[in-house]
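First up is the structure itself, then whatever we jot down about it.
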Amino acid sequence: MNRDDAMFHILLAEDDEVMREYLTRALTRSGYRVTAVDRGTAALPLLESERFDLLLTDIVMPEMDGIELAQRAASLVPDLRVMFITGFAAVTLKAGQAVPNARVLSKPFHLRDLVMEVDRLFAKESADGAI
């Protein structure tokens, strides 16, 4: 990963504190800037005030689920990339239908798999932009 990639800013919405800390640490070590919140309702004001390149959200959370968060985020930031993380196979299909361009990563996953998916998402865009 080159230095320019360090500018990618990720908004992480994950209600599980331990998972949120692990994901934040792994992505930060990989050169991403991460802002982490514990619920979707905390993410919305940030989307209005800051620029993010990726919304990485758990699907099942209290107050507002990740699918609703992604849909509301899309109206605020139309070009925002979305990646869902979930431990519930049944909601994976629902997420794909609700937000068709989103990626879905099922728990449990290894942290390096998450980082590889995020890297791939940004690398594809860099390649597309170079054409």
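Everything numeric in this text was worked out from a predicted model, so none of it was measured. Just so it is clear, the values below take in all heavy atoms, side chains as well, and ignore hydrogens, waters and symmetry mates.
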Q.
By the salt bridge (charged side-chain N to carboxylate O under 4.0 Å, His left out) test, which pairs, at least two apart or in different chains, include something from residues 38-62?
A. R39-E63, R51-D53, D58-K107

Q: Under the side chain to side chain contact (heavy atoms under 4.5 Å, CB included) rule, what do I85 and L23 come out as? Steps first, then yes or no, please.
A: CA-CA 11 Å; I85 47 179; L23 297 177; 3.5 Å; yes

Q) If only atom types and distance count, is the side chain of R33 paired as donor or acceptor with the main-chain N or O of F8 below 3.5 Å? A) no

**Q.** Inter-residue atom distance R81.CZ - I10.CD1, 0.5 Å rounding
**A.** 9.5 Å

Q) Side-chain contact, heavy-atom cut-off 4.5 Å: L56 with V34? A) no

**Q.** Spacing of E117 atom CD and L54 atom CG [to the nearest 0.5 Å]
**A.** 11.0 Å

(Q) Quick check: do L80 and L47 have side-chain heavy atoms less than 4.5 Å from each other? (A) yes

Q) Just wondering, more than 12 heavy atoms not from Y22 lying within 6.0 Å of its OH? A) no

Q: For side chain to side chain contact (heavy atoms under 4.5 Å, CB included), just list the numbers for L69 and L55, CA-CA rounded to whole Å, side-chain angles, deciding distance to a tenth of an Å, and then say yes or no.
A: CA-CA 9 Å; L69 171 59; L55 170 62; 3.9 Å; yes

Q | With sequence neighbours excluded, residues passing salt bridge (Lys or Arg N to Asp or Glu O under 4.0 Å) with R72 | A | E68

Q: Working to the nearest 0.5 Å, report the span between CG of D113 and CZ of R120.
A: 8.5 Å

(Q) Quick check for you: to the nearest 0.5 Å, what is the distance between L105 atom CG and M116 atom CE? (A) 10.0 Å

Q: List the steps and the verdict of side chain to side chain contact (heavy atoms under 4.5 Å, CB included) for F52 and T35.
A: CA-CA 9 Å; F52 294 93; T35 299; 3.8 Å; yes

Q. In the single-linkage hydrophobic clustering (I, L, V, M, F, W, Y; side-chain heavy atoms under 4.5 Å), do F109 and L27 co-cluster?
A. yes

Q | Residue that, paired with M61, satisfies side-chain contact (heavy atoms from CB on, under 4.5 Å) out of D65, I59, T57 | A | T57

Q. If you round to the nearest 0.5 Å, how far is CG of N101 from CZ of R103?
A. 10.5 Å

**Q.** Donor on one side chain, acceptor on other, Y32 and D119, under 3.5 Å
**A.** yes

Q: Identify the heavy atoms of L44 and A73 that sit nearest to each other, and give their distance.
A: CD2-N, 4.5 Å

Q: Spell out, yes or no, whether L111 and V118 are grouped together once hydrophobic residues are joined by side-chain heavy atoms under 4.5 Å, including indirect joins.
A: yes

Q: Just do the side chain to side chain contact (heavy atoms under 4.5 Å, CB included) check on M83 and L114 with the steps written out, would you?
A: CA-CA 10 Å; M83 184 181 296; L114 169 74; 4.1 Å; yes

Q | Closest contact, heavy atoms only, G66 versus F84 | A | O-CE2, 3.3 Å

